[in-house]
Amino acid sequence: MRLNSVFADLHIHIGRTESHLPVKITAARNMTFEQIVRESYHRKGIQMIGIIDAQSPPVQEEIRRGLRSGLYKEHPDGGIVYRETTCILGAEIEIKEPGMGAAHVLCYFPTLERISRFTEWLGQHMKNVQLSTQRLYRPASSLQEKVAELDGILIPAHVFTPFKSVYGSATDRMGKLLDLDGVAGVELGLSSDSTLADHLSELERFTFVTNSDAHSLAKIGREYNELMVKEASFTELKFALYRQEGRKVAANYGLDPRLGKYYRTRCLQCQQLWPADPEIRCCPNCGSEKKVKGVRDRIMDIADRELCHPAHRPPYIYQVPLEFIPKLGKKTLDHLLAAFGTEMNVLHHVPLDDIARTANREIARQIGLAREQRLELEEGGGGVYGKVKSSKPNEG
């Protein structure tokens, strides 16, 4: 059987419904289900997306209307299909066990019928099932049992970020919070990569995924995965996560962790980055003890081994989205997409000379440096994204 390369971004939020009802309050208002699937297909060139607010009843009704009108169709192996992009229906849920902080998990289901049944169950144990990422007032074990009962899969979300994550705020070992046998994969988050994560032995068995956590259309695809699968469907995604029947995640494409907004520890008083030395208790710049601990420092605190990549771990390829390229504005981006189709094509395939003719030679040079992972970066932390530093031609 021939397997195909499929790009997948499995963590995308809905801001509002088409009737302007709120879903994810912090997401853009034009982040409707239809706008997301259109953006993913027409501009991004992503064949599989995970919309993780599909537990919302009004969103489900929009999907039903799209199915009735023929705008969408249901894939026989799971997923909602628009043109050549398949949407995997999911939900982001907040859990909290006694004595631990809150953590977010992603739950995905094969069909609209299954996630609708999940919504019915959530409605009994959640204050407002219409909204994204609501607290579930049930044990984590109960959630895992329900997901399994409905043939779904569960992936802990952005596991190292300082707020609402397994390692960042809940516990130092995932096995204390979740039954590891009921975990299908692990989402790393924007401020980490497999080199950082593979300092924890309990993660060795899991497939890692890298996703955008997009709150706006432009952010879709800023992190994504390359899957080797027969086609884009829920069943094939599940095979890839469990590395079954030859399917696999062939590569993770993510931001260099230094671009993530929680990579370094940052002082909350003066906003300066905190030194890496764990013995330093006060900010050297202002003397404050208040800080947001960075992902790098948190991982080093809880690491239980030296770096060790398991044999199944795919390459983690640093990805610099076009929006991070210096001096590449919206008009130039529109020209590039009009000329070359999708962002994936511009990032990976279009010859630099063609990009130079459409945009300019400097932008083409910067994209070339991004492909070679040679861009100079300014580290992020404490909620502030890192930046790509502009370089002069003779520096590239």
Side-chain angles (χ1 to χ4, degrees), residues 10-15 22-28 52-53 90-107 126-128 131-137 140 143 154-174 176-178 183 186-193 196-197 200 203 208-216 219 222-223 254-255 257-274 278 283 288-303 379-386:
L10 302 170
H11 190 150
I12 301 172
H13 283 285
I14 291 177
V23 180
K24 182 70 172 180
I25 303 296
T26 55
I52 49 82
D53 296 320
E92 185 172 20
I93 307 297
E94 184 173 303
I95 57 175
K96 189 177 186 303
E97 293 292 279
M100 299 184 187
H104 290 175
V105 295
L106 306 171
C107 307
M126 184 176 285
K127 290 183 178 178
N128 192 341
L131 297 179
S132 172
T133 325
Q134 296 297 288
R135 174 73 60 83
L136 178 71
Y137 294 96
L143 174 64
L154 183 145
I155 296 175
H158 43 73
V159 291
F160 297 112
T161 53
F163 309 106
K164 308 293 180 70
S165 78
V166 170
Y167 296 110
S169 56
T171 180
D172 60 351
R173 291 292 176 264
M174 187 162 62
K176 297 177 181 179
L177 176 66
L178 297 167
V183 173
V186 170
E187 183 186 68
L188 294 179
L190 302 182
S191 298
S192 63
D193 61 10
L196 289 168
L200 277 69
L203 294 181
F208 292 158
V209 292
T210 45
N211 301 310
S212 68
D213 196 355
H215 286 53
S216 66
K219 295 292 193 295
R222 65 178 168 181
E223 295 206 346
L255 297 180
R258 293 175 293 168
L259 288 174
K261 62 182 180 179
Y262 296 116
Y263 176 66
R264 289 282 302 278
T265 299
R266 186 182 291 272
C267 176
L268 286 175
Q269 183 69 30
C270 69
Q271 302 302 309
Q272 293 298 305
L273 294 178
W274 204 281
C283 174
S288 174
E289 296 182 3
K290 297 180 179 179
K291 61 185 178 181
V292 175
K293 193 155 197 173
V295 165
R296 182 191 66 177
D297 297 333
R298 174 59 175 166
I299 291 174
M300 292 303 102
D301 281 351
I302 63 176
E379 294 175 338
V384 179
Y385 283 106

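Bear in mind the structure is a predicted one, so any value in this text is a computation, not a measurement.
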With distance as the sole test, does [X] use its side chain to make a donor-acceptor pair with the main-chain N or O of [Y] at under 3.5 Å?
X	Y	result
R173	I302	yes
R222	S212	yes
S165	G168	yes
S169	A102	yes
E94	H104	no
N211	L10	yes
T265	K293	no
S132	K24	no
Q272	C267	no

Shortest non-hydrogen contact from [X] to [Y]?
X	Y	value
A197	L203	O-CD1, 3.8 Å
R298	Y167	NE-O, 2.7 Å
M100	A170	CB-O, 3.4 Å
L106	A157	CG-CB, 3.8 Å
L178	A140	CD2-CB, 4.0 Å
D193	P257	OD2-CG, 3.4 Å

Going from [atom1] on [X] to [atom2] on [Y], what distance comes out if it is rounded to the nearest 0.5 angstrom?
X	Y	atom1	atom2	result
L177	D172	CG	CG	11.5 Å
T210	H158	OG1	NE2	14.0 Å
W274	D297	CH2	CG	10.5 Å
I12	D213	CD1	CG	10.0 Å
L143	C107	CG	SG	4.5 Å
S191	R264	OG	CZ	12.0 Å

Would you mind checking if E379 and R258 are paired as a salt bridge, meaning a charged N to carboxylate O distance below 4.0 Å?
no
Stepwise side-chain contact (heavy atoms from CB on, under 4.5 Å) test for L131 and V23:
CA-CA 4 Å; L131 297 179; V23 180; 5.5 Å; no
Could you walk me through whether E92 and H13 satisfy the side-chain hydrogen bond (donor to acceptor under 3.5 Å, both in side chains) test, starting with their C-alpha distance in whole Å, then the side-chain angles of each, then the deciding distance to 0.1 Å, before giving a yes or no?
CA-CA 9 Å; E92 185 172 20; H13 283 285; 3.2 Å; yes
Residue pair V105, I155: steps toward the side-chain contact (heavy atoms from CB on, under 4.5 Å) verdict:
CA-CA 6 Å; V105 295; I155 296 175; over 6 Å; no
Pair F160 + Y262: ring centers closer than 6.0 Å:
no
Verdict with reasoning, F163 to V292, per side-chain contact (heavy atoms from CB on, under 4.5 Å):
CA-CA 9 Å; F163 309 106; V292 175; 4.1 Å; yes
Does a side-chain heavy-atom distance below 4.5 Å link V209 with V186?
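No. Closest side-chain heavy atoms not under 4.5 Å.
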Decide if atom CD of Q271 counts as having more than 12 heavy atoms of other residues, nucleotides or ligands within a radius under 6.0 Å.
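Correct, the count exceeds 12.
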Might you work through the side-chain contact (heavy atoms from CB on, under 4.5 Å) test for K261 and V384, ending with a clear yes or no?
CA-CA 5 Å; K261 62 182 180 179; V384 179; 5.5 Å; no
